[in-house]
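Keep in mind that the numbers below use all heavy atoms, side chains included, and drop hydrogens, waters and symmetry copies. When a ligand or atom number is given, it counts from 1 through the structure's own listing order.
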Amino acid sequence: MRIARFTVDNDLHFGIVEGEEGAETLRVIAGDPFYSGIEPTGATYPLEQVRLLSPMIPRSKVIGTIANWAGTEAPASPQFFIKPNTTVIGPGDPVTLPEYSESVSPEGELAVIIGRIAKSVPLERVHEVIFGYTIANDLTARDMLETDVQWTRAKCFDGSTPLGPWIETELDTDSLNITTWVDGDTVQEGNTADMHYSVAELVSAASEIFTLLPGDVLLTGSAPGATVLRDGQEIEIEIEGIGSLITRVRDEAN
Ligand code: MG
């Protein structure tokens, strides 16, 4: 099942995405699916008539993962960092480049959405705490990775985690192609089979450090490949089995 969060005439809804690609409709559900289950209200809208938002705003955190793909040396254990929930934007929102950086790059990543309170989850029970999956762009000010000791400026600026277009609740994540394009040019290309640590291993390891809450998001890392984003460019990230997250860059100075 695919679940989207969207507005129609400024009213906020969650809905089930149905229909063929290019002709999808949204069946409105009552309340917030993270807390009140899936209850259709009877209302439906064509996808083209709504504004898609980030499928959720994480209640407490976005967890990022580094060095998790073939092409980098595998770390001895999963390596995480934290992005505040103010980094999250949706498919229709502009990507704003921070003034302090000359080198912001997109990172197309599979995002895991946590569905329940979870602490110290063993590998075999990770599936019980996952609500679903979406597409993330872990935007990174790469020049700040070079100059700064901490990664706050590099990873945590406003809008640095576009998410969407919706949550897919049923997905086998063992072998999914992930491709990132900027204005139609391929900048990253990989398959989740190339990840050093699997989704289950990442969620289990993160839950050893801190409690995961419903709506928390764990990013699983990106394939190698960097490009410098410029004003007006379109970023498209496609993940097999989910769809495409498309956003556009707007320079803060303009
Ligand atoms: Mg990343």
Side-chain angles (χ1 to χ4, degrees), residues 54-55 58 61-75 77-91 95-98 101 103-114 133-164 173 176-182 186-203 205-206 209-210 212 216-229 233 235-240 242 244-247 249:
S54 152
K61 56 195 167 294
V62 176
I63 303 156
T65 301
I66 64 165
N68 196 38
W69 285 68
T72 59
E73 195 177 334
S77 63
Q79 298 295 304
F80 302 117
F81 58 94
I82 294 289
K83 306 183 83 163
N85 60 7
T86 43
T87 63
V88 172
I89 60 172
V95 167
T96 305
L97 307 177
S101 175
S103 179
V104 175
S105 285
E107 296 183 359
E109 307 195 9
L110 175 70
V112 182
I113 315 299
I114 300 301
Y133 303 88
T134 192
I135 302 168
N137 187 353
D138 174 28
L139 286 159
T140 302
R142 298 185 67 84
D143 41 359
M144 299 299 115
L145 295 177
E146 308 295 327
T147 58
D148 292 7
V149 176
Q150 297 288 336
W151 284 17
T152 308
R153 287 202 297 174
K155 293 284 194 181
C156 302
F157 54 90
D158 283 350
S160 61
T161 316
L163 293 177
T173 60
L176 299 174
N177 288 321
I178 304 181
T179 310
T180 302
W181 296 271
V182 174
T186 305
V187 295
Q188 288 181 331
E189 204 166 19
N191 184 287
T192 54
D194 300 331
M195 289 165 47
H196 294 313
Y197 292 99
S198 69
V199 164
E201 289 169 324
L202 293 174
V203 171
I209 306 169
F210 30 50
L212 306 178
D216 278 357
V217 177
L218 186 147
L219 313 180
T220 54
S222 72
T227 189
V228 177
L229 291 171
Q233 287 183 317
I235 310 161
E236 177 172 2
I237 303 167
E238 182 179 59
I239 300 184
E240 207 178 343
I242 302 178
S244 286
L245 171 63
I246 300 172
T247 52
V249 179

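Under a cut-off of 6.0 angstrom, the local environment of CZ in R142 is sparse, with at most 12 non-hydrogen atoms contributed by other residues, nucleotides or ligands.
Residues Q79 and S77 have side chains that bring a donor and an acceptor to within less than 3.5 angstrom of each other. A donor atom on one side chain and an acceptor atom on the other are found under 3.5 Å apart for T140 and K155.
Side chain of T220 to main chain of L110: a donor-acceptor pair is present (N/O by atom type, distance under 3.5 Å, no hydrogens or angles). Between the side chain of S101 and the main chain of P98, no donor-acceptor pair closer than 3.5 Å is present.
Smallest separation of non-hydrogen atoms from D148 and Q150: CB-O, 3.2 Å.
If you look at the Mg ion (ligand 1), the protein N, O or S atoms less than 2.8 Å from it are E107 OE1, E109 OE2, D138 OD2.
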